[in-house]
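Comments concern the structure below.
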Amino acid sequence: MSLDARRQLVTQLVESSRILRNYIDHRAKQRGTTRAQWVVLFRLRAHEGMSQVDLAEVLELQPISLVRLLDRLVEQGLLERRHDPRDRRANRLHLTEAGRQLVDDLDGLRDAIAGDVLRDISDDAVATSLATLQELKERIKTLSETKAAIALK
């Protein structure tokens with residue numbers, strides 16, 4: 001494959017990602033939430049009781065950015081912070097019933113978005129794309145970690 005085609009692929013990934021984020025933001029806003037809130041709620045549903053520090057790391061967010069997002073979710077009654085019994089300085093994050101209900105409702109929105117975006121794309125093409133994107137993600141993470149380690153030397 002030519003270098004030009006590889007450049008085009010990277011460009012398409014960047015542009016598609018931006019457009020998809022904007023589309024999801026628009027659809028989430030119609031449900032009274034944001035994509036960022038949605039991601040936090042989905043992650044917490046899967047890992048109830050996660051610490052703020054661990055959540056920031058998993059989401060690859062700066063802790064201060066996550067705190068503001070969590071504050072909004074607490075104000076909306078979707079999330080609660082509980083003191084960690086083993087470390088009084090740390091908080092564990094738990095969905096409220098309203099938070100659980102919202103994230104369950106958002107499953108339908110996620111399905112609708114996937115249906116809209118992937119309509120008429122074959123299962124084989126989806127599976128191949130998914131495998132390729134997972135491989136690219138791991139390669140990019142490795143490259144980023146290597147460059148960060150070199151920068152620290």
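Hydrogens, waters and symmetry mates play no part in the numbers below; they use all other heavy atoms, side chains included. The residues of the chain are indexed from 1 along the displayed sequence.
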>> side chain to side chain contact (heavy atoms under 4.5 Å, CB included) for Ile64 and Arg68? Distances and angles first, verdict last.
In response: CA-CA 7 Å; Ile64 191 67; Arg68 288 191 291 261; 3.6 Å; yes
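- Partner Val40 forms a side-chain contact (heavy atoms from CB on, under 4.5 Å) with one of Leu95, Leu78, Leu73, Val103 and no other, that one being Leu73.
- The pair Glu15-Arg18 does not count as a salt bridge, with every side-chain nitrogen at least 4.0 angstrom from each carboxylate oxygen.
- Linking Ile, Leu, Val, Met, Phe, Trp and Tyr whenever their side-chain heavy atoms come within less than 4.5 Å leaves Leu13 and Leu20 in two separate clusters.
- Distance check, rounded to the nearest 0.5 Å: CZ of Arg27 to CG of Asp116 gives 5.5 Å.
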>> Evaluate Glu57 against Met50 for side chain to side chain contact (heavy atoms under 4.5 Å, CB included), listing each step before the verdict.
In response: CA-CA 11 Å; Glu57 186 175 309; Met50 184 178 243; over 6 Å; no
> Which is it for His83 and Asn91 under the side chain to side chain contact (heavy atoms under 4.5 Å, CB included) test, yes or no, and what are the steps along the way?
Replying inline: CA-CA 5 Å; His83 291 292; Asn91 285 314; 3.7 Å; yes
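- Connection of Val58 to Leu44 is established within a shared hydrophobic cluster, with ILVMFWY side chains joined at heavy-atom distances below 4.5 Å, either directly or through further cluster members.
- More than 12 heavy-atom neighbours from other residues, nucleotides or ligands sit within 6.0 angstrom of CG on Asp4.
- A salt bridge links Asp107 to Arg110: one of the charged nitrogens lies within less than 4.0 Å of a carboxylate oxygen.
- Atom CG of residue Leu59 and atom CG of residue Asp54 lie 10.5 Å apart, to the nearest 0.5 angstrom.
- To the nearest 0.5 Å, the span separating CZ on Arg31 from CG on Asp105 amounts to 6.5 Å.
- The heavy-atom pair separating Ala56 from Pro63 by the smallest distance is CB-CA, 4.2 Å.
- In the hydrophobic clustering of this structure, Val117 groups with Leu106; members are Ile, Leu, Val, Met, Phe, Trp, Tyr whose side-chain heavy atoms approach within less than 4.5 Å, directly or through other members.
- Note on Ile19 and Ile121: separate hydrophobic clusters, where clusters join Ile, Leu, Val, Met, Phe, Trp and Tyr whose side-chain heavy atoms are under 4.5 Å apart, directly or indirectly.
- Of the possible polar contacts, none joining the Gln52 side chain to the Leu93 backbone as a donor-acceptor pair under 3.5 Å is found.
- Interatomic distance, OG1 of Thr34 versus CD1 of Ile24, reported as 12.0 Å (0.5 Å rounding).
- Between Arg45 and Asp104 there is a side-chain heavy-atom pair separated by less than 4.5 Å.
- Atom CD of Glu60 is surrounded by 12 or fewer heavy atoms from other residues, nucleotides or ligands within 6.0 Å.
- Here the CG atom belonging to Leu136 is positioned 13.0 Å from the NZ atom belonging to Lys141, to the nearest 0.5 angstrom.
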> What do the steps show when you test Arg72 against Glu75 for salt bridge (Lys or Arg N to Asp or Glu O under 4.0 Å), and what is the final call?
Replying inline: CA-CA 5 Å; Arg72 284 192 296 273; Glu75 288 170 12; over 6 Å; no
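- Taking each heavy atom of Arg82 and Glu80 in turn, the nearest pair found is NH2-OE2, 2.5 Å.
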> Step by step, would you call Arg139 with Glu135 a side chain to side chain contact (heavy atoms under 4.5 Å, CB included)?
Replying inline: CA-CA 6 Å; Arg139 183 168 299 150; Glu135 186 176 335; 3.1 Å; yes
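- Distance check: Arg81 CZ to Ser51 OG gives 12.0 Å after rounding to the nearest 0.5 Å.
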